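Below is one structure, written out as structure tokens; comments come after it.
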Amino acid sequence: MLGYDISWAAFNIIEVMSASKFTFKRIGYLAASQCFHEGTDVIMLTTNQIRKDLSSPNQYDTGVALTGLSCFVTPDLARDLANDIMTLMSHTKPYIRKKAVLIMYKVFLKYPESLRPAFPRLKEKLEDPDPGVQSAAVNVICELARRNPKNYLSLAPLFFKLMTSSTNNWVLIKIIKLFGALTPLEPRLGKKLIEPLTNLIHSTSAMSLLYECVNTVIAVLISLSSGMPNHSASIQLCVQKLRILIEDSDQNLKYLGLLAMSKILKTHPKSVQSHKDLILQCLDDKDESIRLRALDLLYGMVSKKNLMEIVKKLMIHVDKAEGTTYRDELLTKIIDICSQSNYQYITNFEWYISILVELTRLEGTRHGHLIAAQMLDVAIRVKAIRKFAVSQMAMLLDNAHLIASNTQRNGICEVLYAAAWICGEFSEHLEEANQTLEAMLRPKVTTLPGHIQAVYVQNMVKLYASILQQKEQAGEKEAAQEITQLMIERLPQFVQSADLEVQERASCILQLIKYIQKLQIKEVPVAEEVIALFAGELNPVAPKAQKKVPVPEGLDLDAWINEPPSDSESEDEKPKTIFHDEEQRHSRHRQPEIDEEELARRREARKQEQANNPFYIKSSPSPQKRYQDTPGVEHIPVVQIDLSVPLKVPGMPMSDQYVKLEEERRHKQKLEKDKKKKKQKKEKRGKHHRHNSLHTESEEDITPAHHVDIITEEMPENALPSDEDDKDPNDPYKALDIDLDKPLADSEKLPVQRHRNAETLKSPDSEAPPVEKSKKPKKKEKKHREKERDKGKKKEKEKKVVEEKEEKKGEDLDFWLSTAPPPVSTTQPQSGPEVSAAVVAEPEEVKKEEREEQQEEDEGKKSSKHKKKKHKKEKEEKSKDKKKSKKKHHSEEEATESVQNGTLDDEPLPPMSSYRLLAENPYIKMTYDIQGNLQNDSQVTVSVIFENKSTSFLKSMELNVLDSLNTKMLRPEGSSVHDGIPVPFQLPPGISNEAQFVFTLQSIVMAQKLKGTLSFIVKNDEGSTHEKLDFKLHFSCASYLITTPCYSDAFAKLLESGDLHMSSIKVDGISISFQHLLAKICFHHHFSVVERVDSCASMYSRSIQGHHVCLLVKKGENSVSIDGKCSDSTLLSNLLDEMKETLSKC
Amino acid sequence: MIKAILIFNNHGKPRLSKFYQRYSEDTQQQIIRETFHLVSKRDENVCNFLEGGLLIGGSDNKLIYRHYATLYFVFCVDSSESELGILDLIQVFVETLDKCFENVCELDLIFHVDKVHNILAEMVMGGMVLETNMNEIVTQIDAQNKLEKSEAGLAGAPARAVSAVKNMNLPEIPRNINIGDISIKVPNLPTFK
């Protein structure tokens, strides 16, 4: 805080955070947000404090806690508080809602498991009435979708609606940005977007919005670029708007315009190229940011025609920008521009080499290795240029002292590496080999970095070998011995090198040369043998070639070859240089391990492959390529230097000569062409690909000065085509790559703080004992979950659809994408998609009825027509949700949680609660619910909610039940049947909490009642009193049933089996709708709908002891008849009685 | 996401720093210094965006700043934020400060750094923009200030806070805190008895 480390005060901060006054609390949280982080050890002490503040009645306490938490949330806090924050997302105050929504993103990041359970709620918030909450939700989803867009594609319709309806620029910008991320995944989305976006571009006055729209339109166009030629109008519009931005006097707009322009460039270079003037102008801007952006643009604007001109301009800038990062940037850009797409735009490689050489004069650049790599690449791959390159490199080596003057901070000396290698490898082109060799043997060389010296040493021998050959052929024995002597004199300085590589190579070579010397004295000709050491030519190998070699079958690269040594040895790895691969390349050729036959086979295979490779330059005897086969110097077509141009222009850097020469040459060519009357349009360029060397006159009117053979880099035979870009496994956002459309699985629930289950008292070893963490009751939360479950149950009747879910999902989006945007003004429900997407098992009429109902409702609320359509979509979405929550529902049964059945869609159902009143007095109110236990066929769990109605404090609550023969309360081991079970919490005034008790039963065919007593101590200001409350616990037969889904075929089999008893009832005077009725049965009696046809439905449930219960419910005018079949007749009749009671209340 | 919000004056003295990512104190100082060097070099009439510095960087990040009188307001954001949007947000922030402090000046930021933080907290939460409507922000701030006033402000310190101070390990607390160019001598605290 304020620049000081205050971690020593962490505990004191927590003390202030827990102050009761807002003033202090706020300061405490502020301090915490400034200095707490994941490493703060006391942070775990805050969990309960934060939870308390989150549920504080004062909204600002909550707000302050949320704000603080957003800054220091840890995985532990996220896990423990996720559920509380979820609850806050539906807080009544928008102020809290928006903060809760926003903080969910942080929670997701730290605790990715929470994303799926929380997502439906988050989605709801997209349509929150409060714009602030809405914008927060958009914010969070955009942030999520940016990292893993494909999971959020299904939200596109919703966002589309928001985009067309929202007026909040912030929200619009976010949504439009989000669409920009989504369009690459779904091109159809792009088509749909173009129109509204273009409208926005035309209509908006906000520059920020305009800019984002243009940006997204560009993204759309990129995604469409393949097969949509008719969007040129949009491109033109974008480019036009961007030009306006760039020409604006506001530097900010100029910057952004350039930024967006560079995106267009990738796919539509032509439309940008027409604005070259503007961009070159920006290169002179005084603002560095703008210059950098303009540079980016230049990259895509070069052509064969203007490359030299542009690079010349850049070189001037390089000279101006002394020793800045901008200069480094310029340097890399020059190289990028020239080398792009396989040197496509370079017509004169001599010019390029001289540009590279010029660049070596820069001091203090970090990019020496880049230049070096380019030199090597060009020299290796462009055969025709080797002679020139070698002469330039020899010059560099000669002037090495200039370059290497300050090796420590000078990255440029890397070019010496390239220079030495080129001179050595292509020494046959060297004119003054002696001189170069001497340059390489200078004592100064030993100050160079190790890896460069190593290359020096190696290439000295190559040079030496070629000199030796020359001398021997010329018969100058004296000279040959002289040169040997020189080597022997100078090499020891490398033998003493501290660098292992240099030392080793130098001593090997020294011995070799000493041996040669001996032979020379005996006048034995040795040159042939020495030169044989370096015979053969190197082929360029693609950088990824090694990676692409397929692993032979049966080879496990991860297996140890030898058992690893037990001690971890300290690994002194040599600092890695970029050129290590290069060295491997050398050695490749010196490992003739493969037998001839194998080689021949491979060669054949390679030829075959090359024949099929369009990019491989085949050795077909084309007239242009003749020179290649005979590598003699005279065949290299060197530029004819026009003597009318002075060779040396004083004061002009070398590369400029080439520019002039080139102009001259082009002029000449043009004249020639004019003579030939070949009418070709000059501007026809930009379409040629890599086949540079093979260009024909008709395609290209600027013929390169050299007929250049750019050799394609070699790849291994049967290289793996996979180009997978390795993703960073440590990416924190990777964890959030979660499929949100899959239904929720059993295990996916937010951890809820819950109270000790009585069951665990008995068997603490069964599963992980739930730890009682907090005394804070969570009635609100509970209710909330109930509501969710309600929803979950709604789709009981749509069970069939479950299987089709996945398809439907796709259809949903497809449907949306395939139709025109909303303004369709039909009042008729569009039944087509509806039918395909919605309930299949139902006949059309019912469906229509339903729809009409729903519409009536709709019209009550919203009159607009197209909202109806939206509503339908929502409905479809909802049904998806339902499926999710259904799964969840089952899991909860296992967890002996209270489960309630929900009702059907659409109709607003009266709030239903399965909690019934147990007993009540002025102090306390008890409600209870009974749930069967799936795992144990003779146990049920009774959840009792205790609510303190008084203003006093209730404590020492103890619940006791008088056991019957059939039903007994499960007590901790060792306690007698007369002992009560203590309720594991105390109740402050006005608070309610839930406790669960487990009962064992023998028979479940009959309903039962148990008498019981709750004793507790009431504590208030006057003192404390003992109180008692008697109650009767009613175990209905329905409470032994567990909602179990059943498919119609299984259901039919069950009915056919014939071992079920049958019974039926009829209830008159039913006024509620059939749906409603089914919902009630599902909810209160734990049934699930198997099939529903018209006003007739079959339902199924199962008892904890495995009795099947099947119902056929029929609705008449005013009555309902229920036929039941069950494996136990007593159970059935009891159940039907209970049902009758429920129904008669309707 | 907003990665950090910094306010410093023309001399590089930090007036407010809010990092939405964890950095050690030293790194924070380094980032502020570096950012100042980047920003202060720039002329008045160049664009307000900068490719991120090295520390808080990555190619995805940008510095977006505005210069008001003696203060620089710098937001470090990643590519999910709209550049022009953030510029507007800075404007809203400054206007809100102006409303809350009535003619805000650098001194207000020095003496009421907590208030500035509170205002910021109503606008940006955990790196995400919470509210951009100035009236809404001011309403919430006023309501909280009222609440604070009703609690009699800082004067009614509860015994707990006093004891917290008492229990602090005093020798470890820096006695001489330099806040910019104003050095406040913290007198030896009297023993609470």
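As a basis for the values below, the full set of heavy atoms in this structure was taken, side chains included, without hydrogen atoms, waters or symmetry mates. The structure displayed is predicted, hence computed values, not measured ones. Here is the naming used below: chain letters follow the sequence lines, and residue numbers restart at 1 for every chain.
- When all heavy atoms of A/S70 and A/K106 are compared, the pair lying nearest together is O-CD, 3.6 Å.
- Per-residue counts of heavy-atom pairs under 4.5 Å with chain A were compared for B/S79, B/C47, B/G85; the largest is that of B/C47.
- Contact detail for A/G68 and A/Y29: the closest heavy-atom pair is CA-CD2, 4.1 Å.
- Scored by the side chain to side chain contact (heavy atoms under 4.5 Å, CB included) test, B/D108 finds B/F101, B/V104, B/C105, B/H112 as partners (sequence neighbours excluded).
- Looking at A/K98, the atoms closer than 4.5 Å to chain B (heavy atoms on both sides) sit in the backbone and in the side chain alike.
- By the side chain to side chain contact (heavy atoms under 4.5 Å, CB included) test, A/P94 pairs with A/R97, A/D130, A/V133, sequence neighbours left out.
- Side-chain contact check for B/S24 and B/T27: at least one donor-acceptor pair (N or O, by modelled atom type) lies under 3.5 Å.
- Donor-acceptor pairing under 3.5 Å is recorded for the side chains of B/N9 and B/E106.
- In the model, B/Q30 has no side-chain atom that pairs as donor or acceptor with a side-chain atom of B/Y23 under 3.5 Å.
- Of all heavy-atom pairs between B/K99 and B/N135, the closest is NZ-OD1, 3.5 Å.
- In plain terms, the two heavy atoms of A/A19 and A/K25 that are nearest each other are O-NZ, 3.2 Å.
- Contact tally against chain B (heavy-atom pairs below 4.5 Å) for A/L256, A/N139, A/I290: the top residue is A/L256.
- Top candidate by heavy-atom pairs under 4.5 Å with chain B, chosen from A/F72, A/F11, A/Y95, is A/Y95.
- Listed by sequence position, B/L87, B/D88, B/L89 are the residues of residues 87-97 of chain B in contact with chain A, using a 4.5 angstrom heavy-atom cutoff.
- In this structure, A/A260 and A/Y211 approach most closely via the heavy-atom pair CB-CE1, 3.9 Å.
- Panel note: side chain A/S56, backbone A/N58; a donor-acceptor pair is recorded below 3.5 Å.
- With a 4.5 angstrom heavy-atom cutoff, B/E81 touches chain A via backbone and side-chain atoms both.
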Are B/F49 and B/Y65 close enough, and set up right, to give a ring-ring contact (aromatic ring centres under 6.0 Å, His included), and what steps lead you there?
CA-CA 7 Å; B/F49 315 116; B/Y65 73 97; 8.6 Å; no

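- Ring orientation note: the planes of B/Y72 and B/F8 are tilted relative to one another, at an angle of 30° to 60°.
- With a threshold of 4.5 angstrom between heavy atoms, A/K99 approaches chain B through its backbone and through its side chain.
- If you measure heavy-atom distances from A/C71 to chain B, the contacts under 4.5 Å come from the side chain alone.
- Interface residue A/L102: backbone and side-chain heavy atoms are both found under 4.5 Å from chain B.
- For the set B/D26, B/N133, B/N48, B/L16, the count of heavy-atom pairs under 4.5 angstrom toward chain A peaks at B/N48.
- Only the side chain of A/Y255 has a heavy atom closer than 4.5 Å to any heavy atom of chain B.
- A pairwise comparison of heavy atoms in B/I32 and B/S17 identifies CD1-CB, 3.9 Å as the closest pair.
- In this structure, chain B has heavy atoms under 4.5 Å from both the backbone and the side chain of A/S33.
- Proximity to chain B (any heavy atom under 4.5 Å) is restricted, for A/L253, to the side chain, taken from C-beta onward.
- Within the 4.5 Å cutoff, the side chain of A/I85 has heavy atoms near those of the A/L69 side chain.
- Within residues 117-132 of chain B, the residues approaching chain A closer than 4.5 Å by heavy atoms are, in numerical order, B/H117, B/N118, B/A121, B/E122, B/M125, B/G126, B/M128, B/V129, B/L130, B/E131, B/T132.
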